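Reading through the structure tokens given below for one structure.
Small disclaimer: the values here were computed from a predicted structure and weren't measured. Throughout, protein chains are lettered first and strands after them, A, B, ... in sequence-line order, and every chain is numbered starting at 1.
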Amino acid sequence: MPRMVILDGNSLVYRAFYALPTLTTADGRPTNVLHGFLTMLFRLEQEQQPDYWVVAFDKTKATVRIEQYAGYKAQRKETPEGLRPQFDYLKDVLTELEVPMLELAGYEADDLIAVVAKQAEAQGMEVQVYTGDRDALQLISPKTNIYLTKKGISEVECYDEHALWERYQLRPYQIIDLKGLMGDSSDNIPGVPGIGEKTALKLLLEFETVEGVLANVDKVSGKKVQSNLKEFADQAILSKKLATMLTEVPLVFSLDDLVYRRSQANKVLPVLLKYDLRNVTRLWQERHKDNGEPIGESPDVLLEDWPERKLTDADWLAQIDQWRERKDPLTLACRYEGTGLQGGHWLEWGIATLGESFTFAREVVSAEVLKAWSELMGDDHVPKTVADSKTVALLLANEGTCLKGVVLDMSLASYLIQSSRPKFAPLDLVKEYVANQAVFENVATEAAALAQVAPKFEEEIHSLGLAHLLHEIEEPLSLVLAQVERHGIAVDAEKLSSFGEGISITLKQLENGIYALAEETFNINSPKQLGIILFEKLGLPTAKKTKTGYSTDAETLEELRLAHPVVAKILDYRQLNKLMSTYVNGLLAQVKDGRIHTTFQQTVATTGRLSSTEPNLQNIPMRLEQGRQLRKVFHPTEPGWVLLSADYSQIELRILAHYSQDPLLCESFSLGQDVHTRTAAEVFGISLDAVTSEMRRSAKAVNFGLVYGLTEFGLSRDLGIPRKESKFYIEQYFKRYSGVKQYLENVVAKAKQEGQVHTLLNRLRRIPELLSSNRVQRQFGERIAMNTPVQGTAADIMKLAMIKVAEGLKPYRAAMLLQVHDELLLQVAPEDLQSVARVLIEAMENAFPLSVPMTVECKVGPNWYDMQSFKPME
DNA sequence: TAACTCACG
DNA sequence: ACGTACGTGAGTTAC
């Protein structure tokens, strides 16, 4: 449950002022309130870890209450001399701490507190109110607790309904009756003369309210009390009214404005020092260090000059020998021509080790030295640090050389430390930690620079708990990916071409048809021109707009399908044109020797997924039949071999089940049920048999949405239903799957505190969006917080599986061809099909066992289209 | 280069 | 009152 912490600024400031001795800055400004208030603030921040918080202040020139009663607070003294300026100081500091503040002319902090508390409760939050004013006890509810300052300010006493009863034998709503009877001298609420706390409590225990007391005034014991009650009945009623916190306040704010944000050192430290708050500064630093603070703020490596040693042929042999003998740690940089994948070749290597650097140039060394070099690279016992091991491995592979012994891949390390950073090129990596100018004059200085910052990466990796993920998963995987890329996948270019010819013909017909219906020719591929034709010339109704004009995307056009015959043709045209340009032409341009070699990007996706480029083989058409046909062109390289695919079934929902431990979701997977059907049964409150396909479709959309950070809007759009209906689905879902709801709330709350989330294997994603001043951005951050642990854990598990599969495949005639997030595609010799399928399933299902079973489904076929379900024999 | 559109999980 | 599902890459147009 999200937690809202509300502080009564005025009350706490007064408490601090009177509780603490006079303290001043060097130039004599009073600061004792700052000390007291901030000490308390930091303590509660640490102990309560609020999700939302706010400090409310009075702004009482002429309060609403003075209109009601002229004497209200009349006798309150002027604000003491040393206190007045401290309000401004405090607001100054709170601003830099990014603690939200509220004040409203004519209202007291009390009233604002009541309003915020009420709204927060309505949003299902737990509310804590910190104040020295017992009036606030009237706000107590099952969800709201009041923390009253005890002696001093930093100690507080928590009041809930139970504690209130224990202490006063009062219900929260009776607090105002208490004040009505006994009054409050500090606010100059008169109450009834002669009635103090004791009498008031006794009366309320018997008669419940002021009204109850007055109605039964004759039964009240004590003559004087009785007569005073009669005489001052009106005053009692008025006093009660004055003590009532107003909740009808014209206060415009959104709870999102009160979201807790981590304070930033560059803002906080200057303002604390401005007021000479040394102890408070120390406290702040203690509370905020080591807690998700962004890295790389203080570059602290001064690059040294590692002298370059020039070697002759004979020296090189001796040197390489020595390196192998002594297992010296080598840091490598590489210059190359072409690309690793397209048979590119390295030109020279920079080598840095133990304060020295070297340039190993192909041109100047003999074949014998090259052979020694090759052995050095393949020696598992010689530890190597590189910036990008996949590229290095590919370049070496082009020479028939293996890369072994990589102990640190700095780009991968950097990616794990900051998954969202845009670049991981060697120079960027070095700049991350280096204070002086880093320029790579040559490959030797590059290696030397990399070697000097490498320990910083290793250090950071360890302190973030990423060592296992880096060394046991990402680094080994990069070598697996190098193999997969290098192998490539066979493509039937002729079939692809003839596929394209067929498309071309249809495309031409559609084009002419569109021109005829539009009665002019134009560029159909231009959304701008298309928009003008559809919405201006043909006058079709405009639904959506983009920044620059009319929206013409498929969703919009689908709405207009019946409005004009040209629309359907445009939709068809779009679909075929996409197939033609992106897939037929795009892929044909990438075919080399009958194969396509994609590049898997390992440092791009912020969630930890791989991506695939040049070409992207992770988005080959599947959903629509026409596009799906394209998969027929992907086939095994070897005649007679088959393609074997293996899909994780519902991996993300299983991970959600594991994280949330929701009983229904877990049970659904343990029993091997169709999870969407089960969800439909739960949401609609019917039996499994009664679920219609339409219900299942809705439930499926809910399940998908869950993983993305469900919104009413998204679901209603996805299902094409009204917001009301999607809201209902979501409510029903969370009623039944309360564990899931709980989990999602927790993960967001924790993310807000830490500014980051992590996956099961501890992959980290910082979410600066959570700190954004823009509400839309913050909500985006919340959805990221819900999605990343799930999507990222799926990526982790698949990566683990790939390493196991690559190892398990070695005895067989088989190769890994592609990874498509939850699917692996292999090619296998028919005689090894059974064994390989068993290895595959075993590796994937048990890569990282969860509390629910993981299941993998295999398919086999002669090409990527004609795939038939396949189960290996036991 | 940005914006739009659309392919995948 | 506003702008919204999560993660990618590629082709095209238009500035």
- With side chain to side chain donor-acceptor pair (under 3.5 Å) as the test, would you mind laying out the steps for A:Thr556 and A:Asp553 before giving the verdict? CA-CA 5 Å; A:Thr556 310; A:Asp553 62 14; 2.6 Å; yes
- Task: Summarise how protein sits on nucleotides 3-9 of chain B as a single string, 5' to 3': B when a protein heavy atom is under 4.0 Å from the base, S for sugar-phosphate-only contact, - for no contact.
- Result: SSSBBBB
- Could you tell me whether the side chain of A:Ser612 and the main chain of A:Pro615 form a donor-acceptor pair under 3.5 Å? yes
- Query: So, the side chain of A:Gln418 versus the backbone of A:Ser420: is there a donor-acceptor pair under 3.5 Å, distance only?
  - Reply: no
- Message: With a 4.5 Å cut-off on side-chain heavy atoms, are A:Val702 and A:Val683 touching?
- Response: no
- Nearest whole angstrom, please: distance from the P of C:dA5 to the CD1 of A:Ile730. 14 Å
- Task: Rounded off to whole Å, could you give me the CD-to-P distance for the A:Glu712 and C:dG3 pair?
- Result: 18 Å
- Using atom P of each nucleotide, how far apart are B:dC6 and C:dA5 to the nearest Å? 15 Å
- Item | Span that lies between the C1' atom of C:dC2 and that of B:dA7, in whole angstrom | 30 Å
Please work out if [X] contacts a base, only the sugar-phosphate, or nothing of the nucleic acid, heavy-atom cut-off 4.0 Å.
{"X": "A:Val790", "result": "nothing"}
{"X": "A:Asn577", "result": "nothing"}
{"X": "A:Ser611", "result": "sugar-phosphate"}

- Task: Indicate the atoms forming the closest heavy-atom contact of A:His487 with A:Arg595, along with that distance.
- Result: O-NH1, 2.8 Å
- Query: Would you say C:dT8 has OP1 or OP2 under 4.0 Å from some side-chain N or O of A:Ser612?
  - Reply: no
- Of the listed C:dA5, C:dT12, C:dG7, the closest approach to the A:Asn525 side chain comes from C:dT12
- Base-pairing mate for C:dA1 - Watson-Crick or G-U, with both contacts under 3.5 Å: none
- On the 0 to 90° scale, with breaks at 30° and 60°, tag the A:Tyr743-A:Tyr659 ring pair as parallel, tilted or perpendicular. parallel
- Item | Whether A:His676 and A:Phe704 hold their rings parallel, tilted or perpendicular, with breakpoints at 30° and 60° | parallel
- Message: Any residue in residues 772-786 of chain A with a heavy atom nearer than 4.0 angstrom to DNA chain C? Just list them by number, or reply none.
- Response: A:Arg775, A:Gln779, A:Phe780, A:Arg783, A:Ile784
- Item | Between A:Phe684 and A:Tyr729, ring centroids under 6.0 Å | yes
- salt bridge (charged side-chain N to carboxylate O under 4.0 Å, His left out) pairs touching residues 565-586 of chain A, sequence neighbours excluded, are none
